[in-house]
Amino acid sequence: MSDVDTGFLRSLPKAELHLHLEGTLEPELMFQLAERNDITLPYSDVEALRDAYEFGNLQDFLDLYYQGAGVLQTEQDFYDLTWAYLERCAADGVVHVEPFFDPQTHTARSIPMSVQFRGITRALNDGQEKLGISSRLILCFLRHLSEEDAFTTLQQALPWREHFFAVGLDSGEKGNPPAKFQRVFDEVHKLGLKIVAHAGEEGPADYIWQALNLLKVQRVDHGVRCTEDPALVQRLNDTQMPLTVCPLSNTRLKVFTDMSEHNIMQLLEQGLCVTINSDDPAYFGGYLLDNYLAVRDALGMTKAQAIQLARNSFTASFLSEEEKAGHLATLDKLA
Ligand code: HPA
Ligand code: ZN
């Protein structure tokens with residue numbers, strides 16, 4: 001069967017479920033915000049900064065990503081960041097987003113939670129009104145920090161409870177297992193929030209088990225190392241536990257040496273609920289459509305597989321059953 005064409009993939013209604021807002025900070029915007037906030041970046045220009053985006057592993061990337069986020073200071077900065085991402089979504093046929101943000105990266109620099117929430121929420125509301133893009137915001141705890149720090153962050157976020165829908169876990173995975181955060185996620189659950197966690201990106205399959213059994217996640221972010229444990233793959237398939245896979249991220253961070261080695265289409269064919277996402281598009285060379293295209297070009301993708309991936313993105317979302325049904329009905333008409 002022949003591969004699906006680019007125009008079809010662009011027009012296909014899609015949801016993005018694994019996207020760090022701080023990872024959408026393009027070098028051009030980083031320099032603009034640095035100038036606006038009187039910050040000197042350790043790079044001469046946009047080209048020099050882009051040239052630094054060569055990563056041997058997740059930590060190499062995180063070092064630059066946290067440094068870059070330092071230019072975000074005001075409510076308008078958070079607005080501009082989020083709005084620029086939503087405009088990219090509109091161009092790529094993304095109709096629903098569930099973006100992450102990392103409040104600890106900003107509160108550590110004395111940027112209050114209120115500034116972050118106001119800027120991001122205002123842009124997300126404009127996204128719904130002006131672009132027709134729906135959203136559910138996800139607050140992430142940084143796993144390289146302590147559980148106590150996560151508890152403090154949750155407390156600080158409570159006044160903004162109606163502005164976020166779920167809590168996630170990100171940052172350096174190795175040595176920071178989900179078990180470290182079991183008690184704080186018990187609290188998250190009691191508050192009626194949904195739960196997601198990065199697991200099985202650089203960390204072992206056991207971290208995916210912990211995310212399922214200890215944190216009781218509704219989705220696993222990445223999860224690609226599940227193939228190291230056949231019983232785990234079986235469990236993920238039996239429960240249709242969604243995996244938010246990020247192909248360009250995985251190759252840029254050397255989780256897979258080359259896109260031709262990526263396991264996403266193999267997992268899709270086995271029946272798992274895998275989805276395609278962009279993670280940190282400003283750093284990894286592409287937004288959502290670019291990720292679909294990279295997978296198609298390296299691994300092949302039929303029209304039916306593309307529709308299945310888009311279906312999975314809505315099924316795995318935190319939209320209501322009625323909202324999901326509406327998107328799935330649109331996709332059915334394309335089959
Ligand atoms: N993994 C963990 N933490 C992150 C990532 C990622 O891919 N991107 C931004 N924070
Ligand atoms: Zn991520």
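Nothing here was measured: the structure is a model prediction, and the numbers come from that model. Atoms within each ligand, like the ligands themselves, are counted from 1 in listed order.
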Looking only at heavy atoms of [X], does any of them come nearer than 4.0 Å to an atom of ligand 1?
X	answer
Phe61	yes
Ser171	yes
His222	yes

Are any non-hydrogen side-chain atoms of [X] and [Y] less than 4.5 angstrom apart?
X	Y	answer
Ile138	Val167	no
Arg296	Val4	yes
Leu169	Leu215	yes

The closest protein heavy-atom partner of atom 5 (C) of ligand 1 is His20 NE2, 3.6 Å
Between [X] and [Y], does at least one N-O distance fall below 4.0 Å, as a salt bridge requires?
X	Y	answer
Arg311	Asp332	yes
Arg143	Asp149	no
Arg36	Asp77	yes

Is it true that a side-chain atom of Lys324 and a backbone atom of Thr315 form a donor plus acceptor pair closer than 3.5 Å?
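Checked: pair present.
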Under 3.5 Å, side chain of Arg225 to main-chain N/O of Gly203, donor-acceptor pair present?
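Yes; at least one donor-acceptor contact below 3.5 Å.
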Which atoms of ligand 1 sit under 4.0 Å from any heavy atom of [X]?
X	value
Asp170	3 (N), 10 (N)
Asp279	6 (C), 7 (O), 8 (N)
Leu58	1 (N), 2 (C), 6 (C)

Angle subtended at the Zn ion (ligand 2) by His198 NE2 and His18 NE2, rounded to 10 degrees
90°
Vertex the Zn ion (ligand 2): angle to NE2 of His20 and OD1 of Asp279, to 10°?
90°
Looking only at distances, please establish whether an N/O atom of ligand 1 is found under 3.5 Å from an N/O atom of [X].
X	result
Tyr66	no
Asp102	no
Asp280	yes
Glu201	yes

Only pairs under 3.5 Å count here: list side-chain donor-acceptor contacts from residues 188-197, not counting sequence neighbours, and write none if there are none.
none

